[in-house]
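All residue numbers in this chain count up from 1 along the given sequence. When a ligand or atom number is given, it counts from 1 through the structure's own listing order.
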Amino acid sequence: MGINKQSYAYGASKSSIREIAAYGAARKAQIGAENVYDFSLGNPSVPAPDAVRESIARALELPATTLHGYTPASGLPAARKAVADSLNRRFGTAYAADDLYLTCGAAASISIVLNAVCNDGDEVIVIAPYFPEYRVFIQNAGATCVEVLADEVTFQIDVEAVRAAITERTVAVMIDSPNNPVGAVYARENLTALAQALQDASRELGHAIHLISDEPYREIAYDVDVPWVPDLYASTIVCYSYSKSLSLPGERIGWVLVPNTHPEHDELVPAVAGAGRKMGFVCAPALFQRVLMDCVDEPTNIEAYARNRKALTDGLAAIGYEFIEPRGAFYLWMRSLESDANAFFERAKALELLPVPSDSFGCTGWVRVGYCVSYETIVNSMPAWQKLWDSYHA
Ligand code: PLP
């Protein structure tokens, strides 16, 4: 039959986050947007900075054939240089334009990197709970997704559990800090311990295990150090996008960085280009490559998220809910009031509250509450959270 079974299965099953968001949109149309408390999707609620609009307006002055024309497969050299220079200013590094490959967002960055490093039958370790698309991208690269649970109290990386999960087929470990879905930011000591474990294992295995650092939330952190991972572990590859930091998720712009300090840099750079070519992920949107030249150093406005975070944590704590104090990103990880998070979600849904049950992220008994919503949504949702609590404590 002329249909790929794996692709069909992915298309037919859909992502539960998107299904909840679609339900939320339909429900809003039915009963009014103000009556539905949709905490499902990670769509930034902060507008893109004015500088983005101004940059687009300037770019529109270019001759149309330049503006809309193909760029080199890896991106405009000037755009890649702008990103490299910005990283060098921030992290004291010496990256060059050629260390960067511009992509259609972090999803493409991750897919490219996985296809650049994986061979059939390899294993990639993820720290559960994790962004559910990781599994899809890993399987698409011909590898197996190996879940290692985070520390169940702190939700930092359980380094001993990672050590125990490494086999001779392990090609990479993938991390995401600030973390979706937990809101944790991995501490420097935690990452240093992981680096040590990977160094030890790489030496024993005779090949370097890559650390893939997916960082779309790097700039969204609340007074906490977000270490630059390549400084801690040489075989790190960084995936990034401007979907969250500049609130541009629909524009599809991001990058892969193969740091020039990576021991396999010279082979990885062509492998990344080849993976982009194989998958047709070449020539990221040209207009937004030009926006990067102007906006790469625009600060991320996290004030609204910080305000939402406080309202949500204060409100839920006052009711009695237990959650992991979010240190970054715009998600709160809250314990379900029964062991079956899906059953808890159904009760929440009946009260027009739409968090995402933790099963989709690879662990049971929790929900993710995305607070990239309006402040009013958070404040107005509190009576429903109270009712939900009361329904379990009658
Ligand atoms: N990685 C993580 C952890 C995410 O949360 C997301 C999106 O929500 C992505 C990657 C994909 O980002 P992008 O929209 O830039 O493809």
Side-chain angles (χ1 to χ4, degrees), residues 15-21 38-46 48 52 75 83 100-115 124-138 140-141 145 147 150 155 157 172-186 211-221 226 229 237-257 276 279 281 284-285 288-289 291-292 295-296 300 305 326-333 356 358 360-363 368-373:
S15 116
S16 55
I17 301 174
R18 292 213 167 261
E19 283 195 344
I20 296 169
D38 183 357
F39 298 103
S40 62
L41 211 57
N43 208 19
S45 50
V46 168
V52 169
V83 174
L100 285 143
Y101 186 98
L102 301 190
T103 64
C104 303
S109 305
I110 299 162
S111 296
I112 287 173
V113 169
L114 288 166
N115 274 277
V124 177
I125 293 176
V126 299
I127 311 301
Y130 61 99
F131 179 53
E133 297 307 284
Y134 285 173
R135 170 176 287 276
V136 180
F137 302 150
I138 291 168
N140 182 47
C145 178
E147 297 176 4
F155 283 88
I157 301 165
V173 173
M174 202 142 99
I175 58 170
D176 152 40
S177 174
N179 184 265
N180 172 15
V182 172
V185 174
Y186 298 146
L211 182 55
I212 303 173
S213 185
D214 174 33
E215 311 193 343
Y217 301 96
R218 164 166 286 282
E219 282 72 29
I220 305 174
V226 184
V229 183
I237 307 168
V238 185
C239 297
Y240 186 80
S241 84
Y242 297 88
S243 299
K244 318 290 174 174
S245 58
L246 291 183
S247 298
L248 295 173
E251 306 300 353
R252 316 308 299 139
I253 188 78
W255 44 257
V256 170
L257 170 74
M279 291 186 288
F281 283 174
F288 281 84
Q289 293 190 35
V291 167
L292 291 194
C295 299
V296 78
T300 302
Y305 300 135
R327 309 301 302 272
F330 35 55
Y331 307 104
L332 175 127
W333 192 242
V356 180
S358 60
S360 4
F361 303 102
C363 92
R368 184 188 81 171
V369 185
Y371 54 88
C372 46
V373 296

Would you tabulate the polar-atom pairs, meaning N/O of ligand 1 against N/O of the protein, with distances under 3.5 Å, reported to 0.1 Å?
{"unit_1": "ligand 1", "atom_1": "1 (N)", "unit_2": "D214", "atom_2": "OD2", "d": "2.6"}
{"unit_1": "ligand 1", "atom_1": "5 (O)", "unit_2": "N180", "atom_2": "ND2", "d": "2.7"}
{"unit_1": "ligand 1", "atom_1": "5 (O)", "unit_2": "Y217", "atom_2": "OH", "d": "2.7"}
{"unit_1": "ligand 1", "atom_1": "8 (O)", "unit_2": "Y217", "atom_2": "OH", "d": "3.4"}
{"unit_1": "ligand 1", "atom_1": "8 (O)", "unit_2": "K244", "atom_2": "NZ", "d": "2.9"}
{"unit_1": "ligand 1", "atom_1": "14 (O)", "unit_2": "S243", "atom_2": "OG", "d": "3.2"}
{"unit_1": "ligand 1", "atom_1": "14 (O)", "unit_2": "R252", "atom_2": "NH1", "d": "3.0"}
{"unit_1": "ligand 1", "atom_1": "15 (O)", "unit_2": "A106", "atom_2": "N", "d": "2.8"}
{"unit_1": "ligand 1", "atom_1": "15 (O)", "unit_2": "S241", "atom_2": "OG", "d": "2.7"}
{"unit_1": "ligand 1", "atom_1": "15 (O)", "unit_2": "S243", "atom_2": "OG", "d": "2.6"}
{"unit_1": "ligand 1", "atom_1": "16 (O)", "unit_2": "A106", "atom_2": "N", "d": "3.2"}
{"unit_1": "ligand 1", "atom_1": "16 (O)", "unit_2": "A107", "atom_2": "N", "d": "2.8"}
{"unit_1": "ligand 1", "atom_1": "16 (O)", "unit_2": "R252", "atom_2": "NH2", "d": "2.7"}

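Applying the ring-ring contact (aromatic ring centres under 6.0 Å, His included) test between Y217 and each of Y242, Y240, Y186, Y331 identifies Y331 as the sole match.
No donor-acceptor distance shorter than 3.5 angstrom exists from the side chain of T300 to the backbone of I220, with no hydrogens or angles considered. At distances below 3.5 Å, at least one donor-acceptor pair connects side-chain atoms of R368 with backbone N or O atoms of S40. Of the possible donor and acceptor atoms, none in the side chain of R252 sits under 3.5 Å from a partner among the backbone N and O of P285.
The shortest heavy-atom contact between F155 and A184 is O-CB, 3.9 Å. Scanning both residues, L248 and V52, for their nearest heavy atoms gives CD2-CG1, 4.1 Å.
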